[in-house]
Protein chains: 2
Amino acid sequence: MRWAVILAGGSGTRFWPLSTPRVPKQLLPLCGAESTAEAAVSRLTGLVDRSRILLVTGRHLAGPLAARLGIETDNVLVEPVAKSTAPALAWATHVATRRDPKAAVLSLHADWYVPDVAAFQRVAAAALEVAEREPCLVTVGVVPTRPETGYGYLVPGEPTGSAFRVARFKEKPTPTAAEELIAGGALWNSGLFAWRGSVLRTQLERHTPEISRGLGELDHGNVAGFFDGAQEISIDVGLLERSPDVLTVRGDFAWDDVGTWEALARVRPPDSSGNVLVGPVSAVSTTDSIGWSEGTPLVLAGMNGIVAVAANGRLLVMPRSKAAELKQVLDALPRPVREV
Amino acid sequence: MRWAVILAGGSGTRFWPLSTPRVPKQLLPLCGAESTAEAAVSRLTGLVDRSRILLVTGRHLAGPLAARLGIETDNVLVEPVAKSTAPALAWATHVATRRDPKAAVLSLHADWYVPDVAAFQRVAAAALEVAEREPCLVTVGVVPTRPETGYGYLVPGEPTGSAFRVARFKEKPTPTAAEELIAGGALWNSGLFAWRGSVLRTQLERHTPEISRGLGELDHGNVAGFFDGAQEISIDVGLLERSPDVLTVRGDFAWDDVGTWEALARVRPPDSSGNVLVGPVSAVSTTDSIGWSEGTPLVLAGMNGIVAVAANGRLLVMPRSKAAELKQVLDALPRPVREV
């Protein structure tokens with residue numbers, strides 16, 4: 001059967017001060033009325049039965065997420081500690097496989113913006129079909145729409161059936177490298193993956209000693225022991241970049257990981273001045289700016305290209321072009337200011 | 001005897017959203033711990049007895065101002081309607097002269113920044129001395145420190161004793177004109193004036209029909225009637241620019257009318273990044289900016305040359321260079337946002 005694993009951790013820093021550890025971005029209505037996590041679940045309707053959707057998250061988010069998304073408690077997997085995507089996906093895939101030895105697992109994130117659900121489902125189904133057929137790990141390579149430097153890229157190699165082998169991965173390129181990659185046909189490594197449980201296990205044992213040493217703990221039901229022994233490592237670095245058995249399916253649909261305030265201008269239509277204004281925000285002679293207020297009237301006058309946010313009793317003003325540096329900004333703030 | 005008239009009206013728009021109609025800028029601690037209105041009264045200590053300081057203001061401000069400044073009720077003159085400086089000064093000078101027929105009146109504003117009180121008093125005393133001696137209106141021309149385009153200028157002509165005749169006035173010049181004026185020895189028309197009551201009366205009757213027609217009403221104690229009939233006109237336009245009997249005394253002291261948020265950087269020492277931050281404001285990689293928060297933590301990151309203000313449940317973000325256009329910004333705002 002087909003299963004889905006939704007990764008829904010998150011520290012809540014990328015959309016500070018709107019996002020917080022208790023309400024990280026996947027719970028925020030960033031892209032519309034629905035939160036991205038709710039959209040992630042809706043997006044699977046008809047593709048994966050809700051009873052076979054697993055949610056991986058942290059302790060503080062498990063309750064709110066399960067309630068909001070209508071995921072039953074058994075399917076909410078609470079990480080004892082966040083150690084990036086490789087341990088999380090190994091565990092969740094193990095859970096699916098124990099319940100259903102023939103499980104084919106689709107892995108996705110709770111904080112994406114994917115407006116065209118039909119196109120998404122077509123591609124996700126294709127990835128699952130390849131995973132069900134081939135003893136390989138399947139990635140979905142999204143067709144790039146801009147030379148984004150915050151994403152990872154994958155370069156398709158020789159075709160095999162409806163998919164391609166992956167020739168190489170390139171994480172967060174420079175702007176020039178990103179343009180060259182795109183010109184050469186590279187795709188965004190979206191994080192939308194598919195594999196059979198048995199295949200992931202074999203691949204981890206072959207390529208990822210940082211994780212595979214502890215898989216026996218999972219067999220004995222000792223999740224804490226598994227996480228204790230696992231190293232913090234992403235599935236990309238820990239497995240996909242190491243294995244020769246990685247395929248990619250081309251994903252020609254709009255996809256955004258809504259990683260920074262800057263992304264808001266891609267997922268919400270700007271007004272005729274290029275502004276995206278949410279809440280009581282007044283823009284006077286202001287262009288290409290992002291304004292978000294939860295309640296306090298915010299006035300932007302004569303500004304260009306800024307992000308201004310009033311939320312959770314904090315105000316942030318920064319250039320839109322520097323939105324990706326928000327984490328460093330937070331690190332520079334006194335704790336009582338940062339913690340909302 | 002020497003009298004002082006402090007003009008303390010104001011609509012509270014220049015420092016929005018911190019300033020409001022009920023708490024306009026002269027009541028704000030813009031330049032330090034003391035409000036500019038309190039500083040205006042302190043600045044007269046030793047020069048004019050407090051019992052001879054008259055305060056001209058509007059109805060809503062009279063109570064708070066009198067209490068804060070320790071001015072007795074008899075000396076608080078409440079304008080029935082604000083009609084600029086000519087009617088206000090005509091009335092206040094009339095009040096002083098009725099109580100003291102030999103009154104020499106010093107006229108000043110409640111919202112100035114003048115750090116060097118001794119220098120101010122030296123110049124103000126000199127202006128009063130000239131006014132006591134000559135049948136003229138005396139202005140203090142402050143030595144300019146920058147080609148300010150928001151001020152009026154006066155060009156000194158031939159010397160007469162310790163003063164100069166005023167050759168001409170120039171209100172709010174272009175930047176180029178301001179530089180030429182300064183190069184030619186022009187001074188800022190500060191609004192610090194001195195005259196005898198009898199001289200002002202004669203001058204108004206000679207040059208300012210817009211006001212003088214109603215002076216008889218004041219003689220009969222009909223203040224409302226006087227304001228009713230008076231036209232809205234400044235003392236500069238209505239009298240000083242028309243009269244040949246205007247002298248100027250050179251004022252070589254730091255003076256600022258703290259007219260915009262921009263002015264804050266002149267009256268409060270900027271930090272090593274050129275920022276002036278008041279209240280819980282954090283600046284990260286931010287330069288030459290002005291941040292003011294009454295309570296909500298405000299974070300400025302990667303910004304240059306902005307004004308950001310959190311006060312009275314409103315947030316304002318604008319370029320520092322456009323601070324003088326705040327009134328137009330307010331005019332463009334919906335009433336519920338503007339009114340704090």
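So you know, we letter chains A, B, ... as the sequences are listed, proteins then strands, and number each from 1. Computed from a predicted model, the values in this text were never measured in an experiment.
Ranking B:Gly291, B:Gly295, B:Ser282, B:Pro297 against chain A, the residue ahead of the rest is B:Pro297, based on heavy-atom pairs under 4.5 Å.
In the displayed structure, B:Arg22 atom CZ is contacted under 6.0 Å by at most 12 heavy atoms of other residues, nucleotides or ligands. The neighbour count for B:Arg59 CZ, taken as heavy atoms of other residues, nucleotides or ligands under 6.0 Å away, does not exceed 12.
Expressed to the nearest 0.5 Å, how far CD of A:Glu325 lies from OG of B:Ser285 amounts to 8.0 Å.
Residues A:Val299 and B:Val317 are not in side-chain contact: their nearest non-hydrogen atoms beyond the backbone lie 4.5 Å or more apart.
Residue contact with chain A, scored on non-hydrogen atoms closer than 4.5 Å, involves the side chain of B:Pro334 exclusively. Using a 4.5 Å cut-off between heavy atoms, B:Leu333 contacts chain A through its side chain alone, with no backbone atom that close.
Of all residues spanning residues 302-315 of chain B, those with a heavy atom less than 4.5 Å away from chain A's heavy atoms are B:Gly302, B:Met303, B:Ile306, B:Ala310, B:Gly313, B:Arg314, B:Leu315, arranged by number.
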